[in-house]
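The structure under discussion appears below in the form of structure tokens.
If you're wondering where the values come from, they're calculated on a predicted model, not measured in any experiment. In this chain, residues are counted from 1 in sequence order.
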Amino acid sequence: MDFLQELRENRKKQVVVYDKFMKLYPKNPTRIYCFYEGKMDDKYYGLRIDKYFEQEKEPLWCEGKSNVLYMRKMLREVDIYKDCKGLFFIDRDFDEPVEDEEVFETPCYSIENLFVQRYTVEQIIKREFFILEDDSNFETICNMYTEALSKFHEVIKVLNAWIYFQRKQEKIHQKKKKLHLEMLSEKKLYVLTLNKKDTIVDIEKKYDLDDIERMFSTAYPISEEEMCEHIKMVEKMQPELDYRGKQEFEFLCCFIEKVKEELSLCKKNKQNRGLLIYNSDMQKISLDLSAKGDIHISKLTNYAVTPQELNAYLKRMAQQYM
């Protein structure tokens with residue numbers, strides 16, 4: 001069966017982005033077409049793509065990794081699209097790597113993981129909190145973040161092990177049941193407290209596995225033995241890179257908001273707050289990350305890490321499309 005025949009026979013299953021692309025491409029064949037999993041991805045990739053491509057770009061949201069790969073296959077196999085200048089971006093998730101040089105796959109779980117490195121926090125402290133490296137509060141906040149992130153990973157480890165198991169089962173059962181984990185953003189998984197009486201950083205776990213399983217009626221059952229096995233697996237990972245990015249990013253936003261509150265109290269009361277030292281040069285902080293979800297990616301995208309793999313991909317594709 002050739003690809004066009006496959007396309008017709010599976011029409012009901014095909015992605016909406018295919019129709020959008022078919023309408024756009026004949027009118028604008030010289031544009032750079034950027035295929036993303038979700039709508040927020042362009043907030044991260046867009047300005048990085050601009051460094052390598054001067055042409056006009058068209059972002060297209062495919063609603064999932066499989067649909068991005070489907071569009072890559074379509075452009076490769078349908079003759080009328082063979083000259084299309086397409087860029088393709090997917091998250092690695094808990095999956096095996098995709099071996100395709102014309103598709104960029106994050107070297108971590110997702111783009112959100114590229115925001116939670118210490119580098120990003122350092123940039124936020126400098127550019128949003130107006131605290132420079134010669135201020136003692138700079139190192140204090142960075143160290144608080146390192147400690148908080150480590151404690152957070154201990155709290156979230158079980159959840160990642162459970163998600164890892166679920167994703168493996170979905171592959172085994174050919175995605176007959178697939179969990180939509182967006183609901184986790186509405187679940188209070190932990191409480192972060194800074195400058196608590198007995199400790200500078202405290203994270204209280206607010207979930208157990210039964211809570212999570214009740215949220216997802218279609219989840220595959222997991223035995224205690226399987227759970228222990230998968231916890232051991234995730235313990236071997238690099239949490240800030242390999243754990244589910246949405247929770248990592250939400251924790252970063254939570255931490256920044258907590259630090260902002262502490263600094264604001266320092267300034268208001270003109271006195272120290274735990275390890276944070278008051279000084280008269282403290283500035284008002286306008287950055288607001290209090291809302292839920294990934295809407296803050298656009299606010300922080302300039303501070304996120306750009307992996308060398310992404311620069312290499314964009315450079316290679318720019319040369320190919322010259």
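Both the sub-6.0 Å distance and the 45° axial angle are not jointly satisfied by Lys20 relative to the ring of Tyr18. Cation-pi geometry between Arg127 and Phe129 is not met at under 6.0 angstrom from the ring centre and within 45 degrees of the axis.
Salt bridge annotation for Lys299-Asp288: absent, with no cationic side-chain nitrogen under 4.0 angstrom from a carboxylate oxygen. Ion pairing between a basic and an acidic side chain is recognised when a charged N comes within 4.0 Å of a carboxylate O; Arg214 and Asp211 show such pairing.
In the model, Arg244 has no side-chain atom that pairs as donor or acceptor with a side-chain atom of Ser110 under 3.5 Å. Glu226 and Ser223 form a side-chain donor-acceptor contact under 3.5 Å, judged by distance and modelled atom types alone. There is a side-chain donor-acceptor pair under 3.5 Å between Asn311 and Tyr52.
Heavy atoms of other residues, nucleotides or ligands lying less than 6.0 angstrom from CD of Glu63 number 12 at most.
Between Tyr145 and Phe255, the gap from one ring centroid to the other is short of 6.0 Å. Taking the six-membered ring for Trp and the full ring otherwise, the centers of Tyr243 and Tyr109 sit at least 6.0 Å from each other. For Phe89 and Tyr313, the ring centers sit closer than 6.0 Å to each other.
A distance of 12.0 Å separates OG1 of Thr30 from CG of Asp83, quoted to the nearest 0.5 Å. In this structure, Thr120 OG1 and Phe249 CZ are separated by 9.5 Å, a value rounded to the nearest 0.5 Å.
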